[in-house]
There are 2 protein chains.
Amino acid sequence: MNKYADIQAKISDSGLKVTHQRTVILEAVHNMNSHPSVEQIYDYVKESCPSISLGTVYKTAETFVEKGLIAKVSTHEGHMRYDPKLDNHGHIYCTNTAEIVDYYDEELNEVIINFFKKKKVSNLKIKNITLQINGDKIDPDKEISIK
Amino acid sequence: MNKYADIQAKISDSGLKVTHQRTVILEAVHNMNSHPSVEQIYDYVKESCPSISLGTVYKTAETFVEKGLIAKVSTHEGHMRYDPKLDNHGHIYCTNTAEIVDYYDEELNEVIINFFKKKKVSNLKIKNITLQINGDKIDPDKEISIK
DNA sequence: TCCTAAATAGGAATAATTCTTATTTAAGAA
DNA sequence: TTCTTAAATAAGAATTATTCCTATTTAGGA
Ligand SMILES: [Mn+2]
Ligand SMILES: [Mn+2]
Ligand SMILES: [Zn+2]
Ligand SMILES: [Zn+2]
C-alpha cells in the first residue's frame, strides 16, 4: 500500500543500500510513465531532493539496470531512456517528438520467444531482445494507436 | 564491375553531388563489413583521403541515411553505427565486445511484417522496424552462430 | 569556361556521459 | 545506542560524442 516503502523494499531486496536518492529516482522512473531520459529524471527528482547531483542520477539509473530494477531503451538516435516496465513489450519511437510508446502483443511475443528457443544462438548469453518501430508521428497532438 | 563507378552511380542516382569524400565514405561502409561507427569510418577513409574532416564523415553518414543509401543502428548503449545492408534483418549486439552481427530469418521477417500489416498503427509514418538481441559474447575469440 | 549553390575543412561550441575526490551516510557490529 | 567502515553522494573537472560556424573549395549545369 505504501508506495515509498514498496520502492525501498525493491532497492533493499536487490542488495543495494537504501538511500533517499535511490528511492526518489526509482519512484520517479515509475511515476513519470514516459520512458524518461536521465535529464528528465533529474529535473523530476530535484523537487523532492534539491541537492541531488546529475552524476548520481546517471550512476543510479545504471545501477538499477544492472540489478534488473528498471530497463534501458536506446532511441533510434542513440539516446538513452529508462523504463520501469520489465515484462516483454515492444516500443514505438517517434523520430519527430522523441516519445516512446509501449505496445503489447502476446502473439508477437510468443513468436519471437519461440524463434529463439528453436534457433539456438550459441556463444552468446542473451540479456534482452528489443523490438522497436521507428517513425514520425503524423499529428503530434494526437496519440498513436495500434488496433 | 567497377566498384568505384558503382558507388558513384548510387550517390548520383540519389540526387547528391558526387564528391571524393562521399565516394570513399560510402565505399568504406560497404567494405568494412562491421557496422562501423563514425570514428571507425573516419579512420578507414583517412587512408585514401587524408585531409577529410571528422565533421564531414558525421554529416555525410546522416545524408546517406536520409537518402536511403545506408541504414543506422543504435546499440544498446546508445551509440550510432552504420550499416550498408538495406534489406530486412536483425542484429545481435554484444555488450562486451561492441560487435554487431547480422542475422537473417525469412520466417521471423514475415511474422513481423504480417503483424504490422494486420494491426494498423495509426498516426505514425513507420520508417523502419528493428529487432535486436543484446547479450554478452561468451568466448570473445569465437564467433556467434545461430543454428 | 563560367557561375553558383552546395560541400568541405578546420576548429569552436555544445551536449552527453564519465571520472575524481572529499565528504557524508546506511547499516551491521559491538 | 554508539561505533565503524564500506559504500554512496555532491560537486565539478574531464572526456567523449556530436553539432555548428564560416571561409574556402568544388561539382556540375549553363
Ligand atoms: Mn547523442
Ligand atoms: Mn553515448
Ligand atoms: Zn516500455
Ligand atoms: Zn546489419
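Residue numbers begin at 1 in each chain, while the letters A, B, ... track the order of the sequences.
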Picking from [options], which would you name as closest to the side chain of [X]?
| X | options | value |
| --- | --- | --- |
| Lys17(B) | dA8(D), dA6(C), dT8(C) | dA6(C) |
| Thr60(A) | dA7(C), dT9(D), dT18(C) | dT9(D) |
| Ser51(B) | dA16(C), dA9(C), dA8(D) | dA9(C) |

Short side-chain N/O contact to [N] OP1/OP2 from [X], under 4.0 Å:
| X | N | result |
| --- | --- | --- |
| Lys59(A) | dT18(C) | no |
| Thr19(A) | dT25(C) | no |
| Gln21(B) | dT26(D) | no |
| Thr56(A) | dT9(D) | no |
| Tyr58(B) | dT18(D) | yes |

[X] has an atom [atom1]; how far is it from atom [atom2] of [N], in whole Å?
| X | N | atom1 | atom2 | result |
| --- | --- | --- | --- | --- |
| Gln8(B) | dA7(C) | CD | P | 15 Å |
| Tyr42(A) | dT17(C) | OH | C1' | 14 Å |
| His20(B) | dT25(D) | NE2 | C1' | 15 Å |
| Glu39(B) | dA17(D) | CD | P | 7 Å |
| Ile41(B) | dA17(D) | CD1 | C1' | 14 Å |
| Glu77(A) | dT17(C) | CD | P | 13 Å |
| Ile11(B) | dA27(D) | CD1 | P | 12 Å |
| Glu62(A) | dT9(D) | CD | P | 15 Å |

Between Lys10(B) and Asp13(B), does the salt bridge (Lys or Arg N to Asp or Glu O under 4.0 Å) criterion hold? Intermediate values first, please.
CA-CA 5 Å; Lys10(B) 279 182 188 171; Asp13(B) 289 353; over 6 Å; no
Between [X] and [Y], what is the shortest heavy-atom contact and its length?
| X | Y | value |
| --- | --- | --- |
| Tyr42(B) | Leu54(B) | CE1-N, 3.5 Å |
| His91(A) | His35(A) | NE2-NE2, 3.2 Å |
| Leu26(A) | Ile11(A) | CD2-CG1, 3.8 Å |

5′-ward residue of the pair His79(A)/Ile52(A) relative to DNA chain D:
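The residue closer to the strand's 5' end, by nearest nucleotide, is Ile52(A).
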Could you check whether Val38(B) gets within reach of a base, just the sugar-phosphate, or nothing at all, counting any heavy atom under 4.0 Å?
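The residue Val38(B) makes no contact with any strand.
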Closer to the 5' end of DNA chain C via nearest nucleotide, is it Arg22(B) or Met80(A)?
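The residue whose closest nucleotide sits nearer the 5' end is Arg22(B).
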Considering heavy-atom distances to DNA chain C, does Leu16(A) or Gly55(A) have its closest nucleotide positioned more toward the 5' end?
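The residue closer to the strand's 5' end, by nearest nucleotide, is Gly55(A).
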If only atom types and distance count, is the side chain of Asn96(A) paired as donor or acceptor with the main-chain N or O of Lys137(A) below 3.5 Å?
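At least one qualifying donor-acceptor pair exists.
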